Protein chains: 2
Amino acid sequence: MRNMSLREKKKIETKNRIFEVSGKLFKEKGFENTTIDEITKEAGIAKGTFFNYFPTKESLVFYFAEQKADLICDLTENEAVGHLHTKERIKKFLVSLAESYEKDKDLTKLLFFEYGRYIKSSGNAPDKDRNPHSRLMKVILDLLEEGIKKREVKVSVDTRIAAEALNAVYFHTLMVWLKSENELSFSRDISAKIDLLFDGIGD
Amino acid sequence: MRNMSLREKKKIETKNRIFEVSGKLFKEKGFENTTIDEITKEAGIAKGTFFNYFPTKESLVFYFAEQKADLICDLTENEAVGHLHTKERIKKFLVSLAESYEKDKDLTKLLFFEYGRYIKSSGNAPDKDRNPHSRLMKVILDLLEEGIKKREVKVSVDTRIAAEALNAVYFHTLMVWLKSENELSFSRDISAKIDLLFDGIGD
DNA sequence: ATTTAAATATGACCATGGTCATTAATGACC
DNA sequence: GGTCATTAATGACCATGGTCATATTTAAAT
């Protein structure tokens, strides 16, 4: 960070400024209602410069997504929850993840309603492991495998299938919740669904 | 259909022509790569006319989605599967739905990768019950409630929660499958996940 | 047949995302 | 400090989704 050329410093600074201004404007007026012109004007750069840093307007969303992805890792590391039941650990993880999203609800909405496009284009991206989707899968997979060792998860369970199911339920619940503006039901809903997944529907 | 004014006939005909031409072009070149100009040119109308029938380019996707939604209802009606176990009925329903999507994979992809936007804007739409999402939920809810009566589903299960979970898993699996180009794994995957949901993860 | 009002079609026009040839800033080397 | 190759900044320009005032067509009324 110290022995950096003027060029490199300016470059980073410009990228950050674009990022911050975008975030601010997106929160204020939403993604669609914010124009590149506004962003560049507020950031004090020319329009073309924007595209030197982000290939498209949408790519800003992916950049936000990656920032969020880092957060997922942090969440798993700094909590001592090893003693809890696997189900509770997963629940706790997903709920606290949701709570962190809650802090920045507008940005999160943006992220999730662009989710389809995100998935689409992140498929062949080189940063396959830097998106929230992959990170989440990995964390849940690890938890499930530990769960098997502790005999809290059926040995017969295919962890990939189970992780995908949990993942699906999580994203879907988050989506419905974000859409419905209902602030209260999310943790209850996700908890209920995790219980269901662990205990099963069948009689 | 017979005592229709010239006006009404023309109107319907024009809308259908736009719809057909769009579908054809979307399949050929994808959604993004097809321009309104091309559609209107091929349909033999002026650009402005397009917007008399569809408020936006995206709204075409919703129209496709609604057509698909009708199919979901058809699927439930014309099969005599009342004797099967609830789990198998749900499985059968979702797999045959997926098979029907498979016939028109390009259009289905389009539909699902615009899914985020679809969900977003269909939230306050007047045709709340005409989208695939709502239809699917309703069918699954009915099946689960029957399942409870037959004691094949735990009485303690909240059918809304369970239906949402099944829905989530279905859409997620379909999405992953569409993305991965892997033609073979879908029915196996969805079957495995439904089994998991019915039997539970926990030991 | 003529008039008139409503429905529909039209294409010039606008706003905005994105491109690219040109210009300016930077730093390595002398 | 001056030269030059490399890298970044620029804004005129383009393509396309979407608007709207105007023109045309239809159906009804006389």
Side-chain angles (χ1 to χ4, degrees), chain A residues 1-23 25-26 28-64 110 113-114 116-118 120-121, chain B residues 1-23 25-26 28-64 110 113-114 116-118 120-121:
Chain A
M1 202 65 184
R2 202 62 302 227
N3 52 357
M4 223 179 206
S5 70
L6 176 55
R7 236 183 201 154
E8 281 166 311
K9 270 192 282 182
K10 273 195 177 178
K11 212 173 160 183
I12 289 173
E13 208 186 296
T14 303
K15 183 159 190 174
N16 283 341
R17 207 160 60 253
I18 294 174
F19 183 61
E20 277 155 26
V21 167
S22 305
L25 292 177
F26 288 165
E28 276 173 29
K29 349 183 353 179
F31 182 72
E32 310 279 0
N33 297 324
T34 304
T35 66
I36 308 271
D37 275 342
E38 286 173 303
I39 294 170
T40 52
K41 210 167 157 189
E42 180 115 3
I45 55 171
K47 193 174 175 182
T49 306
F50 176 92
F51 292 97
N52 288 341
Y53 290 89
F54 297 95
T56 64
K57 190 184 173 187
E58 270 176 17
S59 70
L60 270 171
V61 177
F62 309 159
Y63 194 72
F64 281 111
L110 168 61
F113 292 131
E114 298 288 327
R117 288 165 185 268
Y118 181 69
K120 187 176 164 190
S121 52
Chain B
M1 201 66 183
R2 202 61 302 227
N3 52 357
M4 224 178 204
S5 71
L6 175 57
R7 241 188 195 149
E8 281 166 311
K9 271 191 281 182
K10 273 195 178 176
K11 211 174 162 181
I12 290 173
E13 208 187 296
T14 304
K15 184 159 189 172
N16 283 341
R17 208 160 60 254
I18 294 174
F19 183 59
E20 275 154 28
V21 167
S22 305
L25 291 178
F26 288 165
E28 275 173 30
K29 349 185 349 178
F31 182 72
E32 310 278 1
N33 297 324
T34 304
T35 66
I36 308 271
D37 275 343
E38 286 172 304
I39 294 170
T40 53
K41 210 167 157 190
E42 180 116 2
I45 55 171
K47 194 174 176 182
T49 305
F50 176 93
F51 293 97
N52 287 341
Y53 290 88
F54 297 95
T56 64
K57 190 184 174 187
E58 269 175 20
S59 70
L60 270 172
V61 176
F62 308 160
Y63 195 71
F64 281 111
L110 168 62
F113 292 131
E114 297 287 328
R117 288 165 185 267
Y118 181 69
K120 186 177 166 190
S121 53

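Chain letters run A, B, ... following the sequence lines, proteins first, then strands; residues in each count from 1. Here the structure is a predicted model, which is why all the values come from computation and not from measurement.
- Regarding A:F54, its CZ atom lies at a distance of 16 Å from the C1' atom of C:dG17, rounded to whole Å.
- Atom NZ in A:K41 sits about 15 Å away from atom P in D:dT10, given to the nearest Å.
- Between B:E38 and B:N33, the closest heavy-atom pair is OE1-O, 3.6 Å.
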What does the list of N/O pairs under 3.5 Å between the protein and nucleotides 27-30 of chain C look like, with a distance for each?
from, atom 1, to, atom 2, distance (Å)
C:dG27, OP1, A:L6, N, 2.6
C:dG27, OP1, A:R7, N, 2.9

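- The base-pairing partner of D:dT30, taking Watson-Crick or G-U wobble contacts with both distances under 3.5 Å, is C:dA1.
- Comparing atom distances between the A:T14 side chain and each of C:dA9, D:dA9, D:dG17 picks out D:dA9 as nearest.
- Annotation: the span from B:I18 atom CD1 to B:T40 atom OG1 amounts to 8.5 Å, rounded to 0.5 Å.
- Nucleic acid contact for A:S59: none, since no nucleic acid atom lies under 4.0 Å from a heavy atom of the residue.
- To the nearest 0.5 Å, the span separating NZ on B:K41 from OG1 on B:T35 amounts to 9.0 Å.
- Closest heavy-atom contact between B:E32 and B:K57: O-NZ, 3.8 Å.
- Applying the side-chain contact (heavy atoms from CB on, under 4.5 Å) rule to A:K15 yields the partners A:Y53, A:F54, A:Y63; only residues at least two apart in sequence or on another chain are considered.
- Taking atom CD of residue B:E13 and atom P of nucleotide C:dA9, one finds them 11 Å apart after rounding to whole Å.
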Close N/O contacts between protein and nucleotides 18-21 of chain D (under 3.5 Å):
from, atom 1, to, atom 2, distance (Å)
D:dG18, OP2, B:K57, N, 2.7
D:dG18, N7, B:K47, NZ, 3.4
D:dG18, O6, B:K47, NZ, 2.8

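- The interatomic distance linking B:I45 (CD1) with D:dT24 (C1') rounds to 16 Å, in whole Å.
- How far OG1 of A:T56 is from CD1 of A:I36: 8.0 Å, rounded to the nearest 0.5 Å.
- Summarising the geometry, atom CZ belonging to B:F31 is positioned 5.5 Å from atom CD belonging to B:E58; distances are rounded to the nearest 0.5 Å.
- The distance from atom OH of A:Y53 to atom P of D:dT7 is 14 Å, rounded to the nearest whole Å.
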- Message: Applying side chain to side chain contact (heavy atoms under 4.5 Å, CB included) to B:I39 and B:T34, what does each step give before you reach the verdict?
- Response: CA-CA 7 Å; B:I39 294 170; B:T34 304; 3.8 Å; yes
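- When rounded to the nearest whole Å, the span between CG of B:D37 and C1' of D:dA15 equals 9 Å.
- Rounded to a whole Å, the NZ atom of A:K9 is 18 Å from the P atom of C:dA25.
- If you take NZ of A:K10 and C1' of D:dA9, they are 10 Å apart, rounded to a whole angstrom.
- B:I45 is listed as a side-chain neighbour of B:R17, based on a closest heavy-atom distance under 4.5 Å.
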